[in-house]
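None of the values given here were measured: they were computed from a predicted structure.
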Amino acid sequence: MELIETPYVLGEKNKHIQKVLNFGKTQVVNMQLQKGEKIAEHDSMADVLIIVRSGKVSFVVEGQTVEAAPDNILHMNPKEKHSLTAVEPSDLLVLQISP
């Protein structure tokens with residue numbers, strides 16, 4: 001067992017991206033964004049799960065816009081191009097699961 005701290009730090013600084021765990025073929029990243037902060041279009045060779053712990057984030061995935069929030073989980077297939085913008089101050093976990 002391992003308990004991993006992912007403290008909320010947006011009151012102290014803007015964009016915060018931290019790799020918090022690697023196991024097997026999975027990498028876990030904690031991303032915290034202030035309202036309006038963006039991540040430019042990119043893709044991943046892995047399946048990606050986005051779990052929003054707080055806030056709301058607008059994703060453009062292959063030209064389609066969706067909002068991820070605490071009441072849903074976003075799954076993206078490998079190589080799907082995507083970008084994101086924080087609609088509200090947001091704290092999310094990004095799980096990249098390689099084949």
Side-chain angles (χ1 to χ4, degrees):
M1 177 179 73
E2 182 177 7
L3 183 62
I4 300 163
E5 300 292 328
T6 57
Y8 188 78
V9 297
L10 284 184
E12 302 165 17
K13 61 180 183 176
N14 289 334
K15 188 185 304 179
H16 172 74
I17 300 173
Q18 177 186 6
K19 293 180 182 177
V20 294
L21 180 64
N22 281 303
F23 63 94
K25 295 183 176 188
T26 302
Q27 178 176 314
V28 181
V29 175
N30 178 228
M31 185 179 301
Q32 298 175 19
L33 304 169
Q34 294 285 10
K35 179 179 179 178
E37 287 188 308
K38 301 176 185 231
I39 303 291
E41 185 176 73
H42 61 284
D43 64 11
S44 173
M45 297 301 290
D47 277 281
V48 177
L49 291 175
I50 305 294
I51 301 167
V52 178
R53 300 188 320 165
S54 66
K56 188 181 298 182
V57 183
S58 177
F59 282 81
V60 178
V61 182
E62 295 290 331
Q64 182 178 355
T65 302
V66 296
E67 284 195 346
D71 60 349
N72 57 41
I73 296 173
L74 174 61
H75 170 251
M76 291 176 282
N77 293 308
K79 299 184 182 179
E80 283 192 308
K81 292 200 178 296
H82 58 280
S83 61
L84 57 128
T85 303
V87 177
E88 302 172 355
S90 299
D91 182 358
L92 50 143
L93 293 175
V94 179
L95 285 73
Q96 297 175 324
I97 306 164
S98 297

[Y] side chain reached by [X] side chain, heavy atoms, under 4.5 Å:
X	Y	answer
L74	L49	no
M1	L3	no
V29	I17	yes
N30	H16	yes
F59	E67	no

Are the side chain of [X] and the backbone of [Y] linked by a donor-acceptor contact shorter than 3.5 Å?
X	Y	result
Q32	P7	yes
H42	A40	yes
E37	K15	yes
T26	G24	no

Do [X] and [Y] share a hydrophobic cluster, counting only Ile, Leu, Val, Met, Phe, Trp and Tyr and linking them when any side-chain heavy atoms are less than 4.5 Å apart?
X	Y	value
V60	V57	no
L10	L33	no
M45	I97	no
I39	M76	yes
V9	V28	no

Mind checking the NZ-CD spacing from K81 to E41? Nearest 0.5 Å is all I need. 5.5 Å
Atom CG in N22, atom OG in S98: separation rounded to 0.5 Å? 9.5 Å
Decide yes or no on side chain to side chain contact (heavy atoms under 4.5 Å, CB included) for M31 and L84, but give the supporting numbers first. CA-CA 12 Å; M31 185 179 301; L84 57 128; 4.1 Å; yes
Between P70 and G55, which heavy-atom pair has the shortest distance, and what is it? CD-O, 3.2 Å
To check you understand the geometry: which heavy-atom pair defines the closest contact between T85 and G36, and what is its length? CG2-O, 4.0 Å
Would you mind checking if D43 and K79 are paired as a salt bridge, meaning a charged N to carboxylate O distance below 4.0 Å? no
Taking only residues at least two apart or on different chains, which pairs with a member in residues 46-65 satisfy side chain to side chain donor-acceptor pair (under 3.5 Å)? T6-R53, D47-H75, R53-D91
